[in-house]
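The first residue of the sequence shown is numbered 1, and numbering continues consecutively from there. Predicted model, so just to flag it, every value in this text is computed and none were measured.
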Amino acid sequence: MKVAVFSTKSYDRRFIQLENTVSQANHEFVFFDARLEAQTASLANGFPAICVFVNDDLGTEVLEILAAQGTKLIALRCTGFNNVNLKTAAKLGIKVVRVTDYSPYSVAEHAVGLILMLNRKLYRAYNRVRDDNFALDGLLGFDLRDRTIGVVGTGKIGQIFAQIMQGFGCNILGYDVYPNPNFEKLENAQYVSLEELWQRSDIISLHCPLFPETHHLINQETIAQMKSGVMLINTSRGKLVDTKAVIDGIKSEKIGYVGIDVYEEEDKLFFEDLSDTIIQDDTFQLLQSFPNVVITAHQGFFTENALDDIARTTITNLSDFEQGKPLQNQVNAA
């Protein structure tokens, strides 16, 4: 089956082509560097299936163009599907499949890495030593042991993150609309209300999906409930966080540390080399100017294990559609 693949990098091509060969699926992939949007949708003309990533635009306008060109399947090589208008896709007869899960350790471990980097000022220490500056002033951290960690979202990633933090000797508070029975089996872990989690946590890490009810979950009102000097970690979805509210929290010193791997307007920035351009996003530029903020460019998923999983599931989704099999990873409109 011919498949148009958007927003591709060299690593996407390598892992997809390798799995296509190993599985003997024999799909015909055409890779495009371009992000899928209304202006680039014509590239998919005549392709029965397309494969897209987290920041591709699958709103009504793009879906209508795709349907008119003959696209019948959208294969997301990611878990989130908030960038797809599922109701429009269903009306147009386009099926949507996704990668329901991939190595949850990849994102969980990255969240822990952000915590360690912020707490022990590893980014500053590295740059100082490179400049032959061996002073310790300004690098003071704290022991993670006995600190209270708030985990918002206790699915596979949140569960593993909690297990890792338990290994540091932390007390774990969890919140999830759908509690995970394995979470409370962890020593020093308990479910609490979201309000209690805000109030008691020294570190808050977000591991929940983006839905209308979780949009800007972190906002002025919720930040006001948090401890002064709280550390905020987000490796989930950028729009969970109201960035301007976080900036106000940093300025007032209510928020002591911010570590993010996602950003609410990242589709204009991440996955591209913009080092020779002038970035026009003033909010992002202000956020990264603070000394107690660490930003990585949506690389939490970026391990060999995770990319193997993503490629394998994507190829399976495509093959199942081609062969008329039930689509186990289909996403339906609510």
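Across all non-hydrogen atoms, the minimal contact from Val262 to Ser236 is CG1-O, 3.6 Å. A pairwise comparison of heavy atoms in Ser201 and Val230 identifies O-CG2, 3.8 Å as the closest pair. Counting all heavy atoms, side chain and backbone alike, Val52 lies closest to Ile74 at CG2-CG2, 3.9 Å.
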Take Asp56 and Ser7, measure what side-chain hydrogen bond (donor to acceptor under 3.5 Å, both in side chains) needs, and give me the verdict at the end.
-> CA-CA 7 Å; Asp56 286 304; Ser7 298; 2.6 Å; yes

Checking side-chain hydrogen bond (donor to acceptor under 3.5 Å, both in side chains) for the pair His27/Ser319: CA distance, chi angles, key distance, verdict?
-> CA-CA 8 Å; His27 296 297; Ser319 296; 2.9 Å; yes

Could you walk me through whether Arg35 and Glu272 pass the salt bridge (charged side-chain N to carboxylate O under 4.0 Å, His left out) test, one step at a time?
-> CA-CA 11 Å; Arg35 171 177 173 263; Glu272 303 298 335; over 6 Å; no

Between Phe270 and Phe53, does a ring pair (Phe, Tyr, Trp, His ring centres under 6.0 Å) hold up when you go through it step by step?
-> CA-CA 12 Å; Phe270 288 3; Phe53 198 43; over 10 Å; no

Begin from the C-alpha positions of Val3 and Ile50 and carry the test side-chain contact (heavy atoms from CB on, under 4.5 Å) through to its verdict.
-> CA-CA 5 Å; Val3 184; Ile50 66 167; 5.6 Å; no

From CA spacing to verdict: ring pair (Phe, Tyr, Trp, His ring centres under 6.0 Å), Phe183, Tyr191 | CA-CA 8 Å; Phe183 176 79; Tyr191 278 112; 4.7 Å; yes

Verify ring pair (Phe, Tyr, Trp, His ring centres under 6.0 Å) between Phe6 and Phe31, making sure each step is shown before the conclusion.
-> CA-CA 6 Å; Phe6 287 87; Phe31 296 97; over 10 Å; no

Chi angles and distances behind the salt bridge (charged side-chain N to carboxylate O under 4.0 Å, His left out) call for Arg128, Asp131 | CA-CA 5 Å; Arg128 281 190 187 183; Asp131 292 335; over 6 Å; no

Please test Asn82 against Phe211 for side-chain contact (heavy atoms from CB on, under 4.5 Å), starting from the C-alpha separation and ending with a verdict.
-> CA-CA 7 Å; Asn82 54 279; Phe211 294 125; over 6 Å; no

Chi angles and distances behind the salt bridge (charged side-chain N to carboxylate O under 4.0 Å, His left out) call for Asp282, Lys244 | CA-CA 11 Å; Asp282 294 341; Lys244 292 183 179 179; over 6 Å; no

Please walk me through it: do Leu73 and Leu318 pass side-chain contact (heavy atoms from CB on, under 4.5 Å)?
-> CA-CA 8 Å; Leu73 179 73; Leu318 292 167; 3.8 Å; yes

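The main-chain N or O of Gly238 is never found under 3.5 Å from a side-chain atom of Glu264 such that the two would form a donor-acceptor pair. Looking at Asp248, its side chain never comes within 3.5 Å of a backbone N or O of Lys251 through a donor-acceptor pair. Within the 3.5 Å criterion, the main-chain N or O of Ser103 finds a donor-acceptor partner in the side chain of Asp309. Looking at Thr243, its side chain never comes within 3.5 Å of a backbone N or O of Leu287 through a donor-acceptor pair. Remark: the backbone N or O of Ala306 is not paired with any side-chain donor or acceptor of Ser106 at under 3.5 angstrom. Using modelled atom types, one side-chain atom of Asp261 and one backbone atom of His298 make a donor-acceptor pair closer than 3.5 Å. For the pair Asn219 (side chain) and His216 (backbone), a donor-acceptor distance under 3.5 Å is present. At least one donor-acceptor pair under 3.5 Å links the side chain of Gln280 to the backbone N or O of Ile278. Here the side chain of Lys87 pairs no donor or acceptor atom with the backbone of Asn85 at under 3.5 angstrom.
Defined by atom type and a distance below 3.5 Å, a donor-acceptor pair is missing between the side-chain atoms of Gln159 and Thr154. Using a 3.5 Å distance cut-off with no hydrogens or angles, the side chains of Gln328 and Asp320 do not pair a donor with an acceptor. Of the N and O atoms on the side chains of Thr148 and Arg200, not one donor lies less than 3.5 Å from an acceptor on the other residue. In summary, the side chains of Asp281 and Tyr263 do present a donor paired with an acceptor at a separation below 3.5 Å, with no hydrogens or angles considered. Between the side chains of Ser275 and Asp273, at least one donor N or O lies within less than 3.5 Å of an accepting N or O.
To the nearest 0.5 Å, the span separating CD on Glu187 from CD on Gln166 amounts to 6.0 Å. With rounding to the nearest 0.5 Å, the separation of OH in Tyr257 from CG in Asn292 is 8.5 Å. Between the OG atom in Ser228 and the CD1 atom in Ile255 there is a gap of 10.5 Å [rounded to 0.5 Å]. Taken from CD in Gln299 to CZ in Phe301, the straight-line distance is 9.0 Å, to the nearest 0.5 Å. Annotation: the span from Thr100 atom OG1 to Gln330 atom CD amounts to 13.0 Å, rounded to 0.5 Å.
Residues Ile164 and Glu109 have side chains in contact (heavy-atom distance under 4.5 Å, counting atoms from C-beta outward). Annotation: side chain of Val192 is not in contact with side chain of Tyr175 (no heavy-atom distance under 4.5 Å). Annotation: side chain of Tyr105 is not in contact with side chain of Asn305 (no heavy-atom distance under 4.5 Å). The closest side-chain heavy-atom distance from Lys254 to Ile223 is below 4.5 Å. Taking 4.5 Å as the limit, every side-chain heavy atom of Leu173 sits out of range of all side-chain heavy atoms of Val151. With a 4.5 Å cut-off on side-chain heavy atoms, Val54 and Phe271 count as touching. Side-chain atoms of Thr235 and His207, non-hydrogen and from C-beta on, do get closer than 4.5 Å to each other. Residues Thr79 and Asp101 fail the side-chain proximity criterion, which asks for heavy atoms closer than 4.5 Å.
A side chain to side chain contact (heavy atoms under 4.5 Å, CB included) with Leu76 is found for one member of Asn329, Val97, Thr314, Val96 and no other, namely Val96.
With salt bridges taken as basic N to acidic carboxylate O contacts below 4.0 Å, none links Lys9 and Asp12. Between Asp137 and Arg124, no side-chain nitrogen of the basic residue sits less than 4.0 Å from a carboxylate oxygen of the acidic one, so the salt-bridge criterion is not met.
Because its NZ or CZ atom is not both nearer than 6.0 Å to the ring centre of Phe168 and within 45° of the ring axis, Arg145 does not count as a cation-pi partner of that residue.
By the 6.0 Å contact criterion, CD on Glu195 is enclosed, its count of non-hydrogen atoms from other residues, nucleotides or ligands being greater than 12.
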